[in-house]
Amino acid sequence: MTSHLRASAALAAPRAAAAGAGGQDRAGADRADAEAAVTALYEAHALGLVRLAYVMLGDRAAAEDVVQEAYGGLYRRWGQLSDKDRALPYVRSSVLNGCRSALRRRRTREIGGIHQPPAASAETAALTGEERREVMRALRRLPDRQREVLVLRFYLDEPEAEIARVMGISQGTVRSTAHRALAALGRLLGETS
Amino acid sequence: MNTLERRVRAATRATAEDIAPGSIPPLSLPRRGPHRAPDLARTAQARPGWARALVPLAAAAAVLAVIAGVVAVSGGPHGRTAGTSVRGSMSPASSPGFRVTGTGPQTYHIECATGSVCYATVDGGLYSGTVKRTADGGATWRPVAALPDHLSFEIDGGFPSCQTTEVCAGWAGPGPLQLAVTANGGASWQIEPLPVPPGYAHAAIDEVSCATADQCVVHLSLDHSGTFLSTVNGGATWAAARAVPSGAPNSLWVLRCDPDGRCIGLEPTGTNQNGELVAMRSADNGRTWAVSSPVRTPSADLMSMSCGDALHCLVAGDGGAMMTTSDGGVTWRENAAPRAWPDTATAVSCATSLDCYIALADADATPAGYHHPVVEATHDGGRTWTALSLPAAGGSPLAVVYPLSCPSAAGCIGVGATAQQLAGSGIGHRTYISSFPAPQHAGA
């Protein structure tokens, strides 16, 4: 493949914007505002985003790196955000983009590295560790995009329209990809449905 | 929700709980501060010419200051070495440009053999995608023939490779390792089972490059290793590569082989923090390979790569990062994207050792994700660059150009999308664009 498009908000390390001499005070204030806002967002949402990246990548350190990178990008771009309410969707798109990049770099199909949860919620308590590992192993053997659709659909409970927007694909493609992913997953897990 | 869906939900959520509340490391913000609006890049780009003086950059951005100044690209096969760049004009009025040739579905990949004949892998409603062909420079696209035996292209491993007007090859699945090959422009396909090297029964066909109808090289990828198969007689016999050297990546992003038997493979490695690039090269149609030591890249996201031949490649990514090689990846030169360029390279296509095109756009937080695309061309190995104007699509400006394929110095055919097209939730429409002169379309 010759290139790869991060279909949503790709993070990009911006070139340094040198403030003019008269803009130093404002630059400092902008920076402080950005730090405070981005830090607050991080404290509120980092856990969920690291978990999302961890489900996608199966590697905690890589998941934390991806989230740090995403927030770093948000910070660098804070001044360009016309609608600060879109910061969270932006950083989540960035996390997903970071996961795609990491997966693309690794092109991994590794199936290990899933650890026992320290605690389980009521919803997941009935799931044995072995069954969880089995499902996650199968999930990680899916093509990246199929896995991403399933994670967004069933882990985050995102509607099709939002998955389409985040992934830059049509709703029809979301549906067909999810259908195909579930069929493949069923085969991998020995299910017939 | 059926049983399987419930299992997926439960497993992913239980796995997420591995990450305990309170265990997340504190945020470490970059030392560089945020951009300030208005975007200086756009402001600078509006100026006539690119001969503006460089703004001294803050000490914290010293590394970026190095890449922000000049384009200094290794030259072509004649030993020409570039010095300081003479930047190309940014005036669209004085530049050749793209024009809309048609519309189509979301397109993942495009590969043009000439200004008339291209192949595109488009969203066919299924993940495997559909391959279409144009013989009139993008005005009309027709699906190639279906693969026999209900097979389809496994585009998750790599898109079908179509380096010539009539020959394409790609991974056909499901089933054993097999290539779908056409020698008649996709009118019919032949399934070529591949010999499986020991231990590679479950490998993916990662990349394919067919320099001619007789010469094809295939890269097979496993989790932690990769190897090559090659043929020089149109698939009558295949040979496995002799020992692949240690340090070779298990997968490749780019595989390019030429009729003279030279090949190059590129793979970005490293981490999210520290990008690296590994190159492999062969001079005997893929039978023996050498691997370069990983080189650090200026950006961890060098996502766009293209090789004009097996010696000359350009890779580009975020933040103005560009690197070139003119010796098959043995050495790399870190280049500088002009500061006025948008910050994200979305596509790169090199037609020859000297002629490359790069599409860029500014990433943003809008639903579209991009705005302000440009396409720049160099015809001197990167010494100078010239912007090509981009058309509007249905009255709206394009937000991004991706993918892009430039079969010759004369131009490119690519795919653009407006913000509405990117953010839309319907069947994804895209706008096909071409910079080739109209007579080539009319005569095709």
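In what follows, chains are A, B, ... by sequence order, proteins preceding strands, each numbered from 1.
- Using a 4.5 Å cut-off between heavy atoms, A/V38 touches chain B through backbone and side chain atoms alike.
- Both the backbone and the side chain of A/Y155 come within less than 4.5 Å of a heavy atom of chain B.
- Proximity to chain B is absent for every atom of A/E43, based on heavy atoms less than 4.5 angstrom apart.
- Taking the charged nitrogens against the carboxylate oxygens, A/D157 and B/R9 do have a contact shorter than 4.0 Å, which makes a salt bridge.
- Contact annotation for B/S349: neither backbone nor side-chain heavy atoms come within less than 4.5 Å of a heavy atom of chain A.
- Per-residue heavy-atom pair counts under 4.5 Å with chain A were compared for B/L27, B/L266, B/V8, and the maximum is reached by B/L27.
- In this structure, the portions of A/L47 lying under 4.5 Å from any heavy atom of chain B include both its backbone and its side chain.
- Only the backbone of B/P26 comes within contact range of chain A, judged by heavy atoms closer than 4.5 Å.
- Disulfide check for B/C313/B/C350 fails, with the SG atoms at least 2.5 Å apart.
- A salt bridge does not link B/R13 with B/E17: every distance from a Lys NZ or Arg NE/NH1/NH2 to an Asp or Glu carboxylate oxygen is 4.0 Å or more.
- In this structure, the side chain of A/Q146 does not engage the main chain of A/T177 through any donor-acceptor pair within 3.5 Å.
- When all heavy atoms are compared, the tightest approach of B/V401 to B/T346 is O-OG1, 2.8 Å.
- We find that B/D18 and A/R132 are joined by a salt bridge, their nearest charged nitrogen and carboxylate oxygen being less than 4.0 Å apart.
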